[in-house]
Amino acid sequence: MKPVVNVERDTFKIEGGFAIARGSRTHAHVITVNIWDGIHQGFGECVPYARYGESLDGVAEDIKALAPAIAEGLTRAELQDRMKPGAARNALDCALWDLEAKRAHKPVHELLGFSAPQPLTTAFTISVGTPEKMREDAAKAADRPLLKVKLAGEGDVERIQAVRSAAPNSKLIVDANEGWTADNVEANLRACENAGVALIEQPMAAGNDEALREITTSVLVCADESFHTADNLEALRDRYNAVNIKLDKTGGLTEGLQVIEKAKELDFTIMVGCMLGSSLAMAPAFYLAQAADFVDLDGPLLLAQDRAYPIPFEGSLMHAPNRSLWG
């Protein structure tokens, strides 16, 4: 039987809602891909992101358009040339990895040439809000070792101070989601330094971050929206010393593996992050994150519901996915 590609939309309710600088939402909307060869099924999930010009409909159609090529045996290597990096390629690439592992009757870490994966400590996200609300949320999560604090620009100094006061023992990373400007970036970075923040993600808008070239700070400055694939890395070295690798940006685990290798060669600090999705989206990223300095794969912890065979978490400690889920 030739492989058949099935594409579905799935929706997961977010526990308590989720807010970043660009807006808020109550549900995570994802695309699920299933490649079925008559014996084995390979699964992948992606999260289309409007910031990158993606939509649920558009990504679903892009995946369906490649179904005939998959039926004729398109390989993962060939997929990299047939589709641009992004959510659609990620879902297909990860589904092909899962299918390969099941056909080979081997766990995916063996196909990757990795040792058995170890548990990882993931960040836990504090949504952006008023300083008072963020202080309250941080206090509830103060026993977690790593918190990721969403920021918004105006008022971020107070937000950072509020979270630190409520969670004095947690390591902090903050994510401005492009919300800072040349007028406030230095003041906000000083606030991060004073609070002992370890890393700040994408403080300024991609393509409008020239001010970062002139700023000296003890906080790691991490490219997110400015960074997608290995081809971007060289050009970032004058502004960033860390990169956030997300499979929905790289277009899958195959490119993600190349990115992490090159990023380490260039001495970038490595963060492996995610869009807001289910355990199926986190599973392939978990293997990539074995080589990361910072891990932000808390998507399932923010959901009111998850997939069957969800990734096991003990607090913020993330364990290897069940192979019935992926890999």
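Along the sequence shown, residues carry numbers from 1.
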Any side-chain heavy-atom pair from Val7 and Thr32 closer than 4.5 angstrom?
no
Counting distance only, does the side-chain N/O of Ser170 pair as donor-acceptor with the main-chain N or O of Arg144 below 3.5 Å?
yes
State whether a side-chain donor-acceptor pair under 3.5 Å links Arg307 with Ser279.
no
Output every pair passing ring pair (Phe, Tyr, Trp, His ring centres under 6.0 Å) with a member in residues 121-175, not counting sequence neighbours, ordered by first then second residue.
none
Does Asn34 reach the main-chain N or O of Phe43 with its side chain, forming a donor-acceptor pair under 3.5 Å?
no
Going by the rule side-chain contact (heavy atoms from CB on, under 4.5 Å), which residues pair with Gln161 if we only count those two or more places apart in sequence or in a different chain?
Val157
Output side-chain donor-acceptor pairs under 3.5 Å for residues 58-75, partner residues at least two apart or in another chain, one line each.
residue	atom	partner	partner atom	Å
Glu72	OE2	Lys2	NZ	2.7
Thr75	OG1	Glu78	N	3.1
Thr75	OG1	Glu78	OE1	3.3

Identify whether Leu212 and Met271 are in the same connected component of the hydrophobic contact network (ILVMFWY, side-chain heavy atoms under 4.5 Å).
no
Any donor-acceptor pair under 3.5 Å from Ser278 side chain to Leu280 backbone:
yes
I'd like to know if the side chain of Asn322 reaches the main chain of Ser324, judged simply by a donor and an acceptor atom lying under 3.5 Å from each other, with no hydrogens or angles considered.
yes
Measure the shortest side-chain to side-chain distance between Val149 and Ile173 over non-hydrogen atoms and say whether it is less than 4.5 angstrom.
no
If you count every heavy atom of other residues, nucleotides or ligands that lies below 6.0 Å from Lys262 atom NZ, does the total exceed 12?
yes
Is the closest side-chain heavy-atom distance between His40 and His105 below 4.5 Å?
yes
Check side-chain contact (heavy atoms from CB on, under 4.5 Å) between Thr216 and all other residues, then give those that pass, not counting sequence neighbours.
none
Between Leu233 and Ala263, what is the shortest heavy-atom contact and its length?
CD1-N, 3.7 Å
Taking only residues two or more places apart in sequence or in another chain, which ones pass side-chain contact (heavy atoms from CB on, under 4.5 Å) with Glu314?
Leu317, His319
State, with a plain yes or no, whether a side-chain heavy atom of Asp175 is found less than 4.5 Å away from one of Leu151.
no
Selection residues 104-113 - residue pairs positive for salt bridge (charged side-chain N to carboxylate O under 4.0 Å, His left out), sequence neighbours left out
none
If every non-hydrogen atom of Ala283 is compared with every non-hydrogen atom of Trp326, which pair is closest and at what distance?
CB-CB, 3.8 Å
Taking a hydrophobic cluster as the set of Ile, Leu, Val, Met, Phe, Trp and Tyr residues connected by side-chain heavy atoms closer than 4.5 Å, whether directly or through intermediates, do Ile160 and Val219 fall within one such cluster?
yes
Go through it in stages, so that I can follow the logic: the residues are Arg103 and Asp37, the test is side chain to side chain contact (heavy atoms under 4.5 Å, CB included), and I'd like the CA-CA distance, side-chain angles, deciding distance and then a yes or no.
CA-CA 10 Å; Arg103 284 171 167 173; Asp37 69 0; 2.8 Å; yes
Within the 4.5 Å heavy-atom criterion, are Val221 and Pro203 side-chain neighbours or not?
yes
Determine whether a donor-acceptor pair (N or O, by modelled atom type, separation under 3.5 Å) exists between the side chain of Arg135 and the backbone of Arg164.
no
Supply the atom-to-atom distance Ile14 CD1 to Leu302 CG, rounded to the nearest 0.5 angstrom.
7.5 Å
Can a salt bridge be assigned to the pair Asp296 and Lys246 using a cut-off of 4.0 Å between side-chain N and carboxylate O?
no
Under a 4.5 Å cut-off applied to non-hydrogen side-chain atoms, are Pro284 and Cys94 in contact?
yes
Can a donor-acceptor pair be found, under 3.5 Å and without considering hydrogens, that links the side chain of Thr181 to the backbone of Asp183?
yes
Test item: side-chain donor near acceptor, Asp93 and Gln80, under 3.5 Å
yes
Sequence neighbours excluded - side chain to side chain donor-acceptor pair (under 3.5 Å) pairs with any residue from residues 263-275:
none
On a heavy-atom basis, the closest approach of Pro117 and Ala320 is CG-CB, 3.9 Å
d(Leu297 CG, Phe286 CZ) to nearest 0.5 Å is 9.0 Å
CD-CD distance between Glu45 and Glu8, expressed to the nearest 0.5 angstrom
12.0 Å
Please answer whether the main-chain N or O of Leu56 pairs with a side-chain N or O of Glu54 as donor and acceptor at a distance below 3.5 Å.
no
Assess the side chains of His29 and Thr11: does a donor N or O sit below 3.5 Å from an acceptor N or O?
yes
Are any side-chain N or O atoms of Asp248 and backbone N or O atoms of Cys46, one a donor and one an acceptor, separated by less than 3.5 Å?
no
Between CD of Glu15 and OG1 of Thr26, what distance do you get to the nearest 0.5 Å?
12.0 Å
Common cluster, Val108/Leu96, ILVMFWY with side-chain heavy-atom separation under 4.5 Å:
no
In this structure, CG of Leu147 is separated from CE of Met134 (nearest 0.5 Å) by 10.0 Å
Given 3.5 Å as the limit, does a donor-acceptor pair link the side chain of Glu154 with the main chain of Ala152, or not?
no
Consider only side-chain heavy atoms of I, L, V, M, F, W and Y, link residues closer than 4.5 Å, and tell whether Val128 and Leu146 are in one cluster.
no
According to salt bridge (charged side-chain N to carboxylate O under 4.0 Å, His left out), does anything in residues 234-245 pair up with another residue at least two apart or in another chain? List the pairs.
Asp209-Arg239, Arg213-Asp238, Glu234-Arg237
Linking Ile, Leu, Val, Met, Phe, Trp and Tyr by side-chain heavy atoms under 4.5 Å, what else ends up with Val4?
Met1, Trp36
Within this structure, what is the OG-CD distance for the pair Ser226 and Glu178, rounded to the nearest 0.5 Å?
6.5 Å
State, to 0.1 Å, how close Leu120 and Val295 come at their nearest heavy-atom pair, and which atoms those are.
CD1-CG2, 4.3 Å
Can you list every ring pair (Phe, Tyr, Trp, His ring centres under 6.0 Å) pair that touches residues 214-268, not counting sequence neighbours?
Tyr52-His228
Is there a continuous path of hydrophobic side-chain contacts, each under 4.5 Å between heavy atoms, that joins Leu99 to Trp97?
no
Are the side chains of Ile35 and Leu92 in contact, using a 4.5 Å heavy-atom criterion?
yes
If you look at every heavy atom in Gly273 and Asn244, which pair is closest and at what distance?
N-OD1, 3.0 Å
Summary of salt bridge (charged side-chain N to carboxylate O under 4.0 Å, His left out) pairs that have at least one residue in residues 185-202, sequence neighbours excluded
Lys148-Glu201, Glu186-Arg190, Arg190-Glu193
With sequence neighbours excluded, what pairs up with Pro145 under the side-chain contact (heavy atoms from CB on, under 4.5 Å) test?
Thr121, Ser316
Any salt bridge linking Lys249 with Glu225? Criterion: basic side-chain nitrogen under 4.0 Å from a carboxylate oxygen.
no
In this structure, are over 12 heavy atoms from other groups packed under 6.0 Å from Phe313 atom CZ?
yes
Between Ala95 and Val33 the two heavy atoms that sit nearest each other are CB-CG1, 4.1 Å
Hey, is the main chain of Ala230 close enough, under 3.5 Å, to the side chain of Glu255 for a donor-acceptor pair?
yes
